[in-house]
Amino acid sequence: MSKADQNEQIRNMTALLKARLSKKRFTHSVNVARAAFALAERWGADTQRAYLAGLLHDCCKELPFSEQEELMRGGPFAVSETEWLCKPVWHGIAAASYMHA
């Protein structure tokens with residue numbers, strides 16, 4: 001993916017999150033994205049991918065557990081018995097499933 005395509009993808013995902021998340025959660029996600037970018041830059045990793053991962057990490061955090069569960073069950077990822085018992089981690093698995101679709 002070209003740098004221009006990556007930048008457009010980040011703009012699109014930012015707009016999606018701004019519409020989906022509370023102001024507090026959106027601000028948190030942008031701050032995590034910036035920190036991920038800085039860490040990737042320091043360690044020689046892909047800064048655009050790190051920024052996008054940081055930006056999207058909580059994209060399903062504010063969904064009801066029933067919707068998170070639906071995303072997890074419909075997603076391509078194996079969910080362990082321990083993860084099913086720990087609802088506070090569901091949003092991460094749901095987010096990965098949402099973004100994979």
Side-chain angles (χ1 to χ4, degrees):
M1 181 180 292
S2 74
K3 190 92 157 164
D5 288 340
Q6 286 180 328
N7 288 336
E8 183 168 345
Q9 183 182 38
I10 288 172
R11 281 192 299 277
N12 291 339
M13 291 297 113
T14 301
L16 172 74
L17 290 181
K18 197 166 193 173
R20 277 180 73 107
L21 299 176
S22 66
K23 184 176 181 179
K24 178 182 176 183
R25 182 69 51 199
F26 177 74
T27 300
H28 164 74
S29 295
V30 170
N31 288 336
V32 170
R34 289 175 179 158
F37 182 95
L39 286 168
E41 194 171 49
R42 180 172 189 321
W43 296 105
D46 185 326
T47 56
Q48 296 287 32
R49 291 183 75 185
Y51 186 91
L52 190 58
L55 187 66
L56 298 175
H57 82 284
D58 269 353
C59 72
C60 292
K61 179 84 171 174
E62 296 176 332
L63 291 178
F65 284 123
S66 61
E67 290 181 41
Q68 291 180 32
E69 180 180 4
E70 186 178 325
L71 285 165
M72 291 166 61
R73 290 195 187 282
F77 306 105
V79 181
S80 73
E81 184 177 333
T82 303
E83 289 167 324
W84 281 118
L85 296 172
C86 188
K87 286 185 177 182
V89 303
W90 285 14
H91 73 280
I93 302 163
S97 296
Y98 178 77
M99 288 301 146
H100 186 269

Donor-acceptor pair, W90 side chain versus S66 backbone, under 3.5 Å? no
Quick one: do F37 and V32 end up in the same hydrophobic cluster if we chain Ile, Leu, Val, Met, Phe, Trp and Tyr together by side-chain heavy atoms under 4.5 Å apart? no
Co-membership, hydrophobic cluster, residues Y98 and I93, 4.5 Å side-chain: no
Please determine whether side-chain contact (heavy atoms from CB on, under 4.5 Å) holds for the pair R20 and C60, giving the CA-CA distance in whole Å, both sets of side-chain angles, and the decisive distance to 0.1 Å. CA-CA 9 Å; R20 277 180 73 107; C60 292; 4.1 Å; yes
Given 3.5 Å as the limit, does a donor-acceptor pair link the side chain of Q6 with the main chain of R49, or not? no
Which heavy-atom pair separates L55 from S29 by the least distance, and what is that distance? O-CB, 3.4 Å
What about L71 and V89, same hydrophobic cluster or not, with Ile/Leu/Val/Met/Phe/Trp/Tyr joined at side-chain heavy-atom distances under 4.5 Å? no
Using side-chain contact (heavy atoms from CB on, under 4.5 Å) as the criterion, list what pairs up with F26, not counting sequence neighbours. T14, L17, K18, L21, V30
Side chains of E41 and Y51: closer than 4.5 Å at any heavy-atom pair? no
Taken to the nearest 0.5 Å, the spacing of L52 CG from T47 OG1 works out to 11.5 Å
Sequence neighbours excluded, the answer for side-chain contact (heavy atoms from CB on, under 4.5 Å) partners of S2 is A4, D5
Quick one: CD on Q68 to OG on S97, what's the gap to the nearest 0.5 Å? 11.0 Å
Any side-chain heavy atom of N7 within less than 4.5 Å of one from Q48? yes
Is the backbone N or O of S80 less than 3.5 Å from a side-chain atom of E83, with the two atoms forming a donor-acceptor pair by type? yes
For H91 and L63, run side-chain contact (heavy atoms from CB on, under 4.5 Å): C-alpha distance rounded to whole Å, both residues' side-chain angles, the deciding distance at 0.1 Å, then the answer. CA-CA 8 Å; H91 73 280; L63 291 178; over 6 Å; no
Other hydrophobic cluster members with L39, side-chain heavy atoms of Ile/Leu/Val/Met/Phe/Trp/Tyr under 4.5 Å, chained? W43
Check this for me: E67, atom CD, are more than 12 non-hydrogen atoms of other residues, nucleotides or ligands nearer than 6.0 Å? yes
Over all atoms of both residues, closest heavy-atom pair of H57 and A95: O-CB, 4.2 Å
Between E62 (side chain) and R25 (backbone), is there a donor-acceptor pair under 3.5 Å? no
Same cluster or not: are F65 and V79 linked, directly or through other Ile, Leu, Val, Met, Phe, Trp or Tyr residues, by side-chain heavy atoms under 4.5 angstrom apart? yes
